[in-house]
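Accompanying notes for the structure given below.
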Amino acid sequence: MQILHTISETRAFVRQARARGQVIGLVPTMGYLHEGHLELMRRAKDQCDIVIASIFVNPTQFGPNEDFGRYPRELERDAEMAGSVGVTAIFNPPVEEMYPPGYCTYVDVERITEKLCGVSRPGHFRGVATVVTKLFNIVQPDYAFFGQKDAQQALVIKRMTRDLNLDLEVVIVPTVREHDGLAMSSRNLYLEPDQRRAALVLSRGLERAKQALKEGERNAAEIRQLVINMIQDEPLAAIDYVELYAYPDLEPLERIDGLTLLALAVTIGRTRLIDNAILEV
Ligand code: PAF
């Protein structure tokens with residue numbers, strides 16, 4: 001497996017693959033890989049001849065008081081894991097390669113970014129949309145793979161790809177969970193043992209909503225309140241948001257009668273975790 005650090009060597013690598021007629025898959029990540037990332041890479045490997053995983057902790061998607069500085073960076077470990085599932089190359093640029101001095105161009109996706117994480121993390125999706133556009137331009141993949149765990153991010157990238165006529169298919173892969181239901185995330189690393197236990201309140205909240213739906217509840221506000229009550233019972237948890245929106249347009253709704261995104265953001269200690277479920281009647 002090759003590790004590529006510059007845009008020019010990545011372009012040359014991709015050019016050679018294209019000349020051989022190979023189908024190219026891209027798995028964008030910020031590293032500190034876990035089973036969720038490996039699942040994206042396996043899916044990519046199934047569908048593509050070569051798989052490029054990017055590992056880049058993107059500064060433009062972090063707010064000033066967020067964890068950019070302490071986000072875990074372990075390239076050697078990540079390269080070994082990516083290699084074990086057949087990734088062909090890793091693109092791991094330094095920050096100056098992606099954002100040289102004088103950089104001033106950004107991609108803004110409107111409307112669907114104006115809720116959920118877009119409110120709690122101003123500028124976050126502008127940073128995501130910008131770096132993902134750059135990665136798409138550098139690698140020019142046929143397919144790019146993202147996790148459903150970041151449901152709003154996945155929708156933003158799909159919308160951006162469509163709106164800007166980007167010539168690739170965005171594939172969304174289901175969330176991978178720990179044996180007890182906690183959604184896999186690089187940020188789970190920050191959790192102390194008591195916080196790790198408390199973090200289960202997110203997946204339990206989603207299950208509570210599904211159960212209420214099964215029992216016939218259709219009122220979105222009622223379901224939201226059940227989830228809020230459950231999370232508030234956990235003393236280590238602080239709710240950022242619990243929201244239900246029609247899926248995939250993220251329009252507000254009162255009754256659940258079609259696909260509905262139930263999205264949660266909860267802070268446990270200093271760690272902000274997100275999770276979601278798509279409810280279906
Ligand atoms: O989901 C992530 O890890 C990041 O937001 C992404 C898509 C790699 C962009 O930096």
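The basis for the numbers below is simple: all heavy atoms, side chains too, and nothing from hydrogens, waters or symmetry mates. Every number for a ligand or one of its atoms is a count from 1 in the order of the listing.
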Pair Glu80 + Arg77, salt bridge at N-O below 4.0 Å: no

Quiz item: cation-pi between Arg224 and Tyr245, 6.0 Å / 45°: no

Phe145 and Tyr143 aromatic ring geometry - parallel, tilted or perpendicular at 30°/60° bounds: tilted

Val131 neighbourhood, listing ligand 1 atoms whose heavy-atom distance to it stays under 4.0 Å: 9 (C), 10 (O)

Salt bridge Lys149-Asp275, side-chain N to carboxylate O under 4.0 Å: no

N/O separation below 3.5 Å, Gln61 to ligand 1: yes

Options Lys134, His37, Gln153, ranked by nearest heavy atom to atom 2 (C) of ligand 1, top entry: Gln153

Expected output: side-chain Asn92 to main-chain Ile55 donor-acceptor under 3.5 Å: yes

Interfacing atoms of ligand 1 (cut-off 4.0 Å, heavy-atom, Thr29): 8 (C)

Pro28: numbered ligand 1 atoms lying under 4.0 Å from its heavy atoms: 8 (C)

